[in-house]
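Report on the structure given below.
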Amino acid sequence: MCGIVGILARNASVDPDLLERATCSLAHRGPDDSGTVIIRETIPQAVEIGLGNRRLAILDISSLGHQPMQDRDTGNWIVYNGELYNFPEIREELEREGAHFAGHSDTEVLLRAYGRWGDACLARLRGMFAFAIWDARRHHLLLARDPMGIKPLYFFSSDRYFLFASEVRTLLDTALVPRRIDRAGLLNYLAFGSACDPVTLVDGVSALPPGHSLVWENGTISQKMYWDLRASKEQVGGPDISLDKSGRKRIEEEIHAAIAQSIHMHMVSDVPVGVFLSGGIDSSTVTGILSRDGARLNTISIVFREADYSEAEYSRLVAKTFHTEHHELLVSQRDALVAIPSALEAMDQPTVDGLNTYFVSRQTRAAGIKVVLSGLGGDELFAGYSTFSTVPRMERFLQVWRWVPKSLRRYFSNMLGFFIPDSDQSRKLTALTTANGNLLHPYFLSRMLFTPQRGAALLPAIDSCELERFRAPLSECVSRTINLDPINRVSYLESRGYMLNTLLRDTDVMSMAHGLEVRVPLIDHRLAEKMIALPGAWKMDRQTPKAMLVGALRGALPERVIHRPKRGFTLPFEHWLRDELRVDVETTLGKIADGPLSRILNAAAAESVWKDFQDGRTSWSRPWSLYVLHRWCERHSITA
């Protein structure tokens, strides 16, 4: 795992000191090694290409894995962030065709694969990655990002420069990127608590979408999708299989085989690999499958001293069931509270979430662990969220509601506002009934932080063009789900929405802040293809959560784990904002009128959000999101 950066200059030079500083800004992502190179081209025009890498050595920890790396046969250069879990198979194929390797890193395999197959190599890769290759023969730069969007990659283009990096902050620190807020990104943030790819919070900076490649050539940029999460023609189990007892068993066996293959591939490493164990179904699945190999497995759990927030009961049960070498990292609420300033400092873009991941990652890395597997993604692919039941119901409601005369719709909406107490949920219900066809999809409403009405009050000066830039990627995402059934539609939207823009981004940034690599085997893109091909109804069971995943484990999971109350790693923000954090948050929100976003963010509306929280009409996440936004803008001198 690494941090990468690149500066391309047309008819200009790359400042070596600037490249070095940009590379050093990613030191937290790669504390083991550092490297830069400047390539000078004169054909077809004068171009300088500066590439930088900070390395976290996981595969081939020797100097033979050093980056930037050059293919001596082709002259191509690469900087690469990620892990290719099938690199031994690709290497073997290349060796059969006559390739020779100096080391045994996946970086070298990827570089040689590109030299042999060009960008067609992307279809062969299985893993998490973001990389850049300077093609010395074609005189162009190729960027690529993994299919599920596990690893980030951002870019910026101007008349003279093209920049890319693993983090937005690195681009800002070059001083070649204007420090202006992207208003569409700001709309994203207020709506969902994070910017939605490809939009970021910085004007002119874009994220390369998952499953996409980008080519820079002679100052021209072109993007291409090479993979998307959609149902393939060949369903798991074949098209004629029914969901009777034998049919379910056959499907569960196929799912089990796919999960097991992914998990075992994710164990490839030249350093020890542990497993984050919360005691939930997803992390217990990873633990259970690995434990069957007979090897002593290291599992890690964060355990709160306060019983109300501790999941120790379940993680200990799973560890005992599968005979793991279990490590408990004991902390208190106070420990987490004290870590908040450093967690805010680590944010690459503002996010309403992420502090949990920051804290878990810090404690894990401090314990000497460098690589862990996580159960992230199980809810999205195996229908674990409440959205899998609520969003289809909202779809059905809208199908009926559109036939109700507008006068009656207005009447019922007004009655809702009159009889239902003001709250986050009632505001969403009102937004659903008053959408009048303007709601892109009810999924977005289910995940919305501030409803459209509240968002408009906070940002009254947003124009139609900015609103369209906000809506366009969401609309495109929905359009790709037209042929999916309601359950699989939610699965796609969760994977390309909350999981991509919040969970995966926060996991990457907050773990890499400590030089910790987190791997997510439950969202291997080949496994995801199999799951999206299953009829959605097969994944839902009133008696068993994530029924297909539980069934695939063939009774191996303890019943108490399967039917435990659903709860992630939680911190008591509701309490903190009324006690320890109150003064800081209240004071910060009071500065919005004179802050970096004062020209576009309505200070009175922001103060009303704080008052609503104090009066119990909104949750802690709303004022917290405004607090984080203000602090991030101040820290990075971002203005309107």
Legend entry - W216 ring center near H140 ring center (under 6.0 Å): no
Inset, instruction - Would you please indicate if the ring centroids of F613 and W620 are separated by under 6.0 Å? - result: no
Inspect the contact between [Y] and [X] and indicate whether a charged nitrogen and a carboxylate oxygen are less than 4.0 angstrom apart.
X    : Y    : value
E476 : R480 : yes
E345 : R635 : yes
R454 : D612 : yes
D33  : R54  : no
E634 : K591 : no

Between [Y] and [X], is there a side-chain donor-acceptor contact under 3.5 Å, judged purely by atom types and distance?
X    : Y    : value
Y80  : D106 : yes
E41  : H139 : yes
Y498 : S194 : no
Y358 : D506 : no
E586 : W610 : yes
T170 : S25  : yes
R622 : S619 : yes
Y189 : N501 : no
D119 : Y226 : no

Grab the two heavy atoms, one from [X] and one from [Y], that are nearest each other, plus how far apart they are.
X    : Y    : result
G3   : L26  : C-CD1, 3.8 Å
A184 : V199 : C-CG1, 3.9 Å
D348 : R169 : OD1-N, 2.9 Å
E517 : E83  : OE1-OE2, 2.7 Å
R145 : G149 : NH2-O, 3.1 Å
S166 : C2   : OG-O, 4.4 Å

Legend entry - N218: side-chain hydrogen bond (donor to acceptor under 3.5 Å, both in side chains) partners, not counting sequence neighbours: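 Result, side-chain hydrogen bond (donor to acceptor under 3.5 Å, both in side chains) vs N218: Q45.
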Inset, instruction - Taking side-chain hydrogen bond (donor to acceptor under 3.5 Å, both in side chains) as the test, write out the residues that go with T387, two or more places apart. - result: E494
Below 4.5 Å, heavy atoms only, C-beta onward: do [X] and [Y] meet side chain to side chain?
X    : Y    : value
L445 : M394 : yes
V79  : F164 : yes
L522 : L381 : no
F155 : F162 : yes
P210 : P147 : no
S34  : N53  : no
L344 : Y627 : yes
T107 : H66  : no

Can a donor-acceptor pair be found, under 3.5 Å and without considering hydrogens, that links the side chain of [X] to the backbone of [Y]?
X    : Y    : answer
E580 : L337 : no
S158 : Y161 : yes
D146 : M128 : no
N488 : S491 : no
T587 : D584 : no
N76  : Y114 : no
N81  : A130 : no
R365 : G515 : yes

Inset, instruction - Start with the C-alpha distance between I523 and S495, add both sets of side-chain angles, then the distance that settles side chain to side chain contact (heavy atoms under 4.5 Å, CB included), and finish with yes or no. - result: CA-CA 9 Å; I523 55 169; S495 297; over 6 Å; no
[atom2] on [Y] to [atom1] on [X], rounded to 0.5 Å:
X    : Y    : atom1 : atom2 : result
L125 : L110 : CG    : CG    : 6.0 Å
F470 : S475 : CZ    : OG    : 11.5 Å
E48  : I39  : CD    : CD1   : 10.5 Å
I340 : F573 : CD1   : CZ    : 4.5 Å
L56  : H514 : CG    : NE2   : 13.0 Å
L376 : T357 : CG    : OG1   : 8.0 Å

Inset, instruction - With side chain to side chain contact (heavy atoms under 4.5 Å, CB included) as the test, would you mind laying out the steps for L201 and W632 before giving the verdict? - result: CA-CA 10 Å; L201 267 292; W632 183 83; 3.9 Å; yes
Inset, instruction - Can you label the angle between the F444 ring and the H441 ring as parallel, tilted or perpendicular, going by 30° and 60°? - result: perpendicular
Inset, instruction - Take R10 and D159 through the salt bridge (Lys or Arg N to Asp or Glu O under 4.0 Å) test and state the conclusion after the steps. - result: CA-CA 8 Å; R10 298 174 63 206; D159 291 341; over 6 Å; no
Inset, instruction - Applying side chain to side chain contact (heavy atoms under 4.5 Å, CB included), run through I78 and I133 and close with a yes or a no. - result: CA-CA 4 Å; I78 188 172; I133 292 178; 3.7 Å; yes
Legend entry - E574 atom CD, over 12 foreign heavy atoms within 6.0 Å: yes
Inset, instruction - Answer yes or no: does atom CG of D463 have more than 12 heavy-atom neighbours from other residues, nucleotides or ligands under 6.0 Å? - result: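 Yes, the 6.0 Å shell around CG holds more than 12 heavy atoms from other groups.
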Pair up each side-chain donor or acceptor in residues 173-181 with any protein partner under 3.5 Å, not counting sequence neighbours, and list the distances.
from, atom 1, to, atom 2, distance (Å)
T174, OG1, L171, O, 2.6
T174, OG1, L176, N, 3.2
R179, NH1, H636, O, 2.7
R179, NH2, L172, O, 3.1
R180, NE, D203, OD2, 3.4
R180, NH2, D203, OD2, 3.2

Legend entry - Positive for salt bridge (Lys or Arg N to Asp or Glu O under 4.0 Å) with E167, one of R29, K151, R505: R29
